[in-house]
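Not measured: the values here are computed from a predicted model. Lettering follows sequence order; numbering is per chain, from 1. Heavy atoms only: backbone and side chains are in, while hydrogens, waters and symmetry mates are out.
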Amino acid sequence: MSDIYENVMELARRRGFIWPTAECYGSVAGFIDYGPLGAMMKRRIENLWRDFYVIREGYYEIEAPTIGIEPVFVASGHVKGFSDKMCECPHCGEYLRADHTVASGGEDCPAGASCEEIAKVLERIPCPSCGTKLGPLVVSEFNLMFQTTIGPGSLRKGYLRPETAQGMFTDFGRLLRFYRDKLPFGAVQIGKSYRNEISPRQGMIRLREFTQAEAEIFVHPKKKNHPQFCRYAAYEAPLLTAALQEKSMGSSPLSMGDAVRSGIISNEYVAYYLALTHDILVKVGIRPDRIRFRQHLSDERAHYATDCWDAEFFSDRFGWVELVGIADRTDYDLKAHASHSGLSLTVFLPYDTPRTEQKRRVIPRMDVLGPRFRKQAKEVAAAMETTTPTEEGITLTLNGEQVRIPSDLYEVREETVEIRGEEVTPHVIEPSYGIDRIIYAVLEHCYAEELVEGEVRKVLRLPPWIAPIQVAVFPLMPRDGLDNLAREIADSLAGSGLLVEYDENGAIGRRYRRQDEIGTPYAITVDYETKETNTVTIRDRDSMQQVRVPVLGLEEAVRSLVAGDTALEFLKT
RNA sequence: GCAUCGAUGGUCUAGUGGCAUGACUUUGGCCUUCCAAGCCAAUAGCCCGGGUUCGAAUCCCGGUCGAUGCACCA
């Protein structure tokens, strides 16, 4: 029982943070339940994320269904790209990635090869596991998306979304109008996503149903300067660049301003959200000395992303684990949805001063063209408009035939056209957070065991604003009116929006320890002095120090302690 | 998915083909004027399904979950 993961998860189970799902039927890997304290802590972390992205950045939250219809994921590439072709060795039973096996066997397969075609190639290849020639076998698709059907009759395919991002893309037109046709703007979503992992292990780290918090920020492709960049220009974060990885070196701290100037981070937007992410991760309780930002190497980057960074935390159990991905997805997603849906997903950006252009326009005289060319008239007219007429008229190539159009079939007009702006497909900056992993990271980094007077004290040093229970209230003894007094104080604190736990059971020390273990930052004790001087003590979880404060103004004092606006020593009178 | 190992109250654990240990926790009571004190009592358990057997928590088979290795991880 020395393993940190075991210790943390044991506590999380026992005290109601994380439970195996549907335990009475034996649970399933890749799914978890959040218990009472876990659900509250998760909510607080999500709200802190909202404080940054929705309130400070001004990117409103939307909520799309978790089930998406098939065309959405055809356009996004998930139907094709999210599936692996798998096969099983008929001799040793090893489960293999078909394409990897083909490649490692020195053979070639066309990119879009079907299962049958790949199976044929595989027949000649020895199994990488047992060495026997594979021979005839079946290759099957394993799509990481959960599939379902919509409505009775099973006609319409649906998928549980593998990321929340698509909702922001499919709502792009509406969002654009909501933000009154101006760039940049952004939208966020916090919600469940689903991936049917082949073999999830590592508990909370790889789930089949997980919570993502994603922001999609739509920016001008040529103006990737964040308007508030100065806020983070001097902010330092440990960067593990692609170059450093190739030299097998560790991360080194760099300011965002320098990183952009030297071209290490491709633009201010990516750098800004990288710093903001660091800010958030530290604020929720992850140790700053165990955070790094790793740049994707060119071969692991999705082909459309120009720059991609993962925020990782170091786990004593799992090593470096990805928590957040920050990518510049360019115009890939919007272009894909535009071409699949047939809608134009662009922003009209007016120029500061409209340009005027002289244009010579060919205007076909349809009243003459119609009778002459009949069904082909429309086609001819369209072709004429793109040509430059000469004095002899226009010569067109129509279905391989030369057609002469005399000048009496059209007019040529000189026009002054005013060009007020241009249609632009925005680029997308996407910070994508794995909330469940962040919760695990916080639990692991905040968990501590320390020796106090020969006994082990387990304490969860959660930041006060993340702790599920914010303050505990105890009567020193459950009698002499101390209990009633303590109950009144607990009620009034609850009335001011704090989550309070009242406890009169057992020795006072035991009650403190119970709260230590679930991370409650402050404990208020009503003692005999309270009756005389109308004061109580506030005990700090981490230092175990107590400060005596007046009951008058207690709510405000506790609220500012929990918000992190005051330190306990400043309440000393 | 394959291979190996494992699964006993909430937690940690003893143990066995025939009444299932102990400790901690929790709850109630007594006691107690600040860090898991003490005393009394109570609650609560053999992962699930099938087989063998007079009898299975124990042996066998299958499944689930967990650990480790391999594979997988957009």
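The nucleotide B:U64 finds its pairing partner in B:A7, both defining distances of the Watson-Crick or G-U wobble pair being shorter than 3.5 Å. The partner of B:A42 is B:U26, by the rule that a Watson-Crick or G-U pair needs both atom distances under 3.5 Å.
For A:Arg514, the side-chain atoms get nearest to B:U27 when compared with the rest of B:C2, B:C73, B:U27. For A:Glu517, taking side-chain heavy atoms from C-beta onward, the closest of the listed nucleotides B:A36, B:C65, B:G69 is B:A36. Ranking B:G66, B:C72, B:C34 by closeness to the A:Arg206 side chain, first place goes to B:C72. Across B:C73, B:C34, B:U11, the shortest atom-to-atom separation from the side chain of A:Thr525 is found for B:C34. Checked against B:U32, B:A37, B:C34, the side chain of A:Ala507 finds its nearest nucleotide in B:A37. With B:C34, B:C65, B:C12 as the candidates, the nucleotide lying closest to the side chain of A:Ser27 is B:C65. When distances run from any side-chain atom of A:Arg510 to the nucleotides B:U33, B:C65, B:U25, the shortest one goes to B:U25. Closest contact between the side chain of A:Glu197 and the listed nucleotides B:C73, B:C34, B:G1 involves B:C73. Considering only the side chain of A:Arg317, B:U68 comes nearest among B:U68, B:C65, B:C12. Set against B:C65, B:C34, B:U32, the side chain of A:Arg479 has B:U32 as its closest nucleotide.
Within the 4.0 angstrom heavy-atom criterion, base atoms lie near A:Arg539.
Between A:Tyr5 and A:Phe318, the ring-plane angle classifies as perpendicular under the 30° and 60° cut-offs.
Each of A:Arg511 and A:Arg14 was matched to the nucleotide of RNA chain B holding its nearest heavy atom; the match closer to the 5' end belongs to A:Arg14. Of the residues near RNA chain B, A:Gly509 and A:Asp503, the one whose nearest nucleotide (by heavy atom distance) lies more toward the 5' end is A:Asp503.
Side-chain atoms of A:Arg15 stay outside donor-acceptor range of the base of B:G10, with no qualifying N/O pair under 3.5 Å.
Close to B:U27, at under 4.0 Å from its OP1 or OP2, lies a side-chain N or O of A:Asn505.
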